[in-house]
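Here is the naming used below: chain letters follow the sequence lines, and residue numbers restart at 1 for every chain. Below, each value reflects all heavy atoms present in this structure, side chains not excepted, and no hydrogens, waters or symmetry copies.
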Protein chains: 2
Amino acid sequence: MSRLAADKDLLIVRVAELYYEEGKTQDEIGALLDLSRFKVGRLLSQARADGIVRIEIVHPRARRLGLERQLRDRFGLHEAVVVPASNSADEDLKRVAQAAADQLTMLRPVPRTLAVSWGRTLTAVASSLEDGWARGVTVVQMNGGVSVNRRPGGAAPLAAAIAKRAAGHAVLLPSPAILDRLETKRAIESDRTIAGVLDQAAKADAYLFTAGVCDESSAHVENGYLSAGDVDELTRRGAVGDVLGRYVDADGNIVDPELDSRTLGLGLDQLRAAKVAIFVTAGQAKHDIARTVVRGGLCTTMVTDEDTARALLEEV
Amino acid sequence: MSRLAADKDLLIVRVAELYYEEGKTQDEIGALLDLSRFKVGRLLSQARADGIVRIEIVHPRARRLGLERQLRDRFGLHEAVVVPASNSADEDLKRVAQAAADQLTMLRPVPRTLAVSWGRTLTAVASSLEDGWARGVTVVQMNGGVSVNRRPGGAAPLAAAIAKRAAGHAVLLPSPAILDRLETKRAIESDRTIAGVLDQAAKADAYLFTAGVCDESSAHVENGYLSAGDVDELTRRGAVGDVLGRYVDADGNIVDPELDSRTLGLGLDQLRAAKVAIFVTAGQAKHDIARTVVRGGLCTTMVTDEDTARALLEEV
DNA sequence: ATCGAAATTGCTCATATGAGCAATTAGCTG
DNA sequence: CAGCTAATTGCTCATATGAGCAATTTCGAT
């Protein structure tokens, strides 16, 4: 045994320091510490395996490929994109948005029609897209959301921005997200213009969407479609969030069918059936709804941050 | 140029991900990205050089060998020990203390007589020493410090603890750190017992000491030797801290000769002359006095934390 | 104390990588 | 556009490292 061997971990630390910080070869380290180079090599492997040596890729555009593979395997996703955790929620969102923009830009074949939902997350994606990310894409709004309040994240400006940067055009859904009365929703839905847009959305080549949280910070509350009391009631019924305005519980079941019937836009079955459905999410508030989306097969591609990926993978 | 080359850094990130996270060879990566393996190798070197790939040794007993070498080179130290930054000041102190304990334990030849100062930092070192760290070491107190208040960090218990763990014995200096009157200090200093201890300390084989800050948290204030007003005055005179109770400015000059004359214990010249003088320090509050110590040649070995090392090396 | 199984070690040979060099390419200046 | 310099690239050859295997050592049970 070597002279230094008071403690195995301490030996591993010393070996790792000589190799990674001093740049010495395994042979040189062996000579210094009275060990064979094979033993030194094994100690280094162990240092990496035990996390004593940590090799990290530090860059805003970096990905976490290991987590991506685990997400694909665990949830049967066609593709997963995970970006490294940063020091703030805002930076996490920016990185996720940039990664989603990258995914859209690299999508092959290029979609001729792209259906989009709306919210702050997708607004960030739109901001990250470069001009010319594609050419001639028709961007169709797939759920209601005329902006009642003047806040960022409105559906119409978002779809328009994405379309503009692809030298395409936007097809808007001029309807509120949720109607007060079922009759009104049915009337709007039957209008030839609205029906045409929904039909176009249903036939889109690809879908880009995010999910909403079920609390006061919800875009629906911000935009006046729901009150704080409404979302409290939805939470009581087990809702973990919404997809395309459809409030669902952890198992993906609609928690309030009556409310759902008054909600205008594509249904979740249409996402399930899609060949390309890109789900973009960031932040801990959306962990629950994110889990529901990937478990429920509502997306083919997920773009998210490291903490969300770890949270989804943690569960037995 | 490769198909992916929209951005050089992005290429570097992708290459680094495939190599370090996917475990692919440089040949394999070259084939995937339409690059030569030599180009891949260069990109990886650049990734490490630019900090995009960060290789870190994460362990409480880890050292920062690069910083150690720089400290030795810059300040002419015989030895420097730097431990990685942790998440808290307490943990930093524990790591520095453990490293100092390691240094003492590995010191060759084993000192027959070890002179020690006192304070919270050395108390932590004493706590980190293992029983049997050496055999038969005489631990001599080298500056006054009978505990007036009952607080951890007292000189006598500290020397005793270090001695006990070395199956040795302690030689205490039964005197206050600072006397009220010069006559009293001279009388105590002349006492044969006290003179004998000081003489033994002066002839010690090795010295272990820390430095004190010049503010209200000073051990001298805590122990009642100085008032808060006293240290304010010392600060006004340019003091950055104390070594063995000797308050000095950034250049190592005694700021209050009168106070100094009433201070009992070895002088700084004796540290300067020592063959082995181990200086232990942690925390930002001591950066200034730490700089004075290493610049002034008051130690041969420095044991400190990463942030202190970087601060000392930062200055032109 | 013995025996068997598991763990560890040192080795051979193949693979992976880097240093230094010559050739090529890119960029700048006149 | 030409010429020169700097930067970059691909290569050879040597070095560094890892996989798989046989031998050795360690450990636990009887």
Side-chain angles (χ1 to χ4, degrees), chain A residues 1-59 61-66 68-70 73, chain B residues 1-59 61-70 73 130:
Chain A
M1 211 174 209
S2 86
R3 296 185 284 264
L4 266 186
D7 177 14
K8 180 70 177 301
D9 262 19
L10 198 50
L11 180 61
I12 291 178
V13 166
R14 294 292 163 257
V15 163
E17 285 164 349
L18 290 166
Y19 189 75
Y20 286 107
E21 292 189 31
E22 297 294 279
K24 289 186 185 305
T25 68
Q26 294 175 14
D27 248 340
E28 287 170 336
I29 295 169
L32 275 172
L33 304 186
D34 200 28
L35 304 165
S36 75
R37 78 158 178 89
F38 311 103
K39 171 78 171 177
V40 173
R42 289 190 171 97
L43 292 170
L44 288 170
S45 290
Q46 197 177 335
R48 291 187 294 268
D50 292 349
I52 290 177
V53 164
R54 187 174 298 171
I55 302 180
E56 207 173 13
I57 295 157
V58 184
H59 190 276
R61 302 293 274 273
R63 305 242 301 249
R64 289 286 177 261
L65 301 181
E68 292 181 1
R69 184 170 44 254
Q70 288 181 67
D73 292 348
Chain B
M1 212 176 210
S2 88
R3 295 185 283 262
L4 267 186
D7 175 16
K8 180 70 176 302
D9 262 19
L10 197 51
L11 181 61
I12 289 178
V13 166
R14 294 292 162 257
V15 163
E17 284 164 348
L18 290 166
Y19 189 76
Y20 286 106
E21 291 189 35
E22 296 295 279
K24 291 187 185 302
T25 68
Q26 295 175 13
D27 249 340
E28 288 169 338
I29 296 170
L32 275 171
L33 305 185
D34 201 30
L35 304 166
S36 74
R37 81 160 178 86
F38 312 104
K39 170 76 171 178
V40 172
R42 289 193 172 94
L43 291 171
L44 288 169
S45 290
Q46 195 177 336
R48 291 188 293 269
D50 292 349
I52 290 179
V53 164
R54 187 173 299 168
I55 302 179
E56 207 173 12
I57 295 158
V58 184
H59 190 276
R61 302 294 275 272
R63 302 237 310 243
R64 288 286 178 262
L65 302 181
L67 291 175
E68 293 182 2
R69 184 173 40 257
Q70 290 182 65
D73 291 347
E130 287 185 10

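The closest side-chain donor-acceptor pair between B:Arg48 and A:Tyr20, if any, does not fall under 3.5 angstrom.
Distances shown here put a side-chain N or O of A:Arg48 below 4.0 Å from the OP1 or OP2 atom of D:dG18. The side chain of B:Tyr19 places no N or O atom within less than 4.0 Å of a non-bridging phosphate oxygen (OP1 or OP2) of C:dA16. Contact between the side-chain N/O atoms of A:Gln26 and the OP1/OP2 oxygens of D:dT15 is not found at any separation under 4.0 Å.
Spacing between atom CD of A:Glu22 and atom P of D:dA16 amounts to 16 Å, rounded to whole angstrom units. Atom CG of B:Leu43 is separated from atom C1' of D:dT8 by 11 Å (rounded to the nearest Å). Remark: P of C:dA19 and CG of B:Leu44 are 13 Å apart, rounded to the nearest angstrom. Atoms CZ (B:Arg37) and P (C:dG18) sit 8 Å apart, rounded to a whole Å. Taking atom CG of residue A:Asp27 and atom P of nucleotide D:dA14, one finds them 17 Å apart after rounding to whole Å. In this structure, the CG atom of B:Leu35 is 15 Å from the P atom of D:dT8, given to the nearest Å.
Looking only at side-chain heavy atoms (C-beta outward), A:Leu43 and A:Leu35 come within less than 4.5 Å of each other. The side-chain heavy atoms of B:Ile52 and B:Asp9, taken from C-beta on, include a pair separated by under 4.5 Å.
Atom CD of residue B:Glu22 and atom CZ of residue B:Arg14 lie 11.5 Å apart, to the nearest 0.5 angstrom. Remark: B:Ile29 CD1 to B:Ser36 OG distance equals 12.0 Å, nearest 0.5 Å. Taking CG from A:Leu18 and OG1 from A:Thr25, the interatomic distance works out to 10.5 Å, rounded to the nearest 0.5 Å. A:Gln70 contributes atom CD, which lies 12.5 Å from atom CZ of A:Arg64 (distance to the nearest 0.5 angstrom).
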Write out a two-atom table: protein N or O, nucleotide N or O from nucleotides 7-9 of chain C, distance below 3.5 Å.
from	atom 1	to	atom 2	distance (Å)
C:dT9	OP1	A:Lys39	NZ	2.8
C:dT9	OP2	A:Lys39	NZ	3.3

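Side chain of A:Glu17 to backbone of B:Arg63: a donor-acceptor contact under 3.5 angstrom is found.
Closest approach of A:Val58 and B:Gly51 over heavy atoms only: CB-O, 4.0 Å.
Between the axis at the start and the axis at the end of the helix from C:dA1-D:dT30 to C:dG30-D:dC1 there is an angle of 40°, using five pairs per end and rounding to 10 degrees.
Which of D:dA19, D:dG10, D:dT17 sits closest to the side chain of A:Thr25 comes down to D:dT17.
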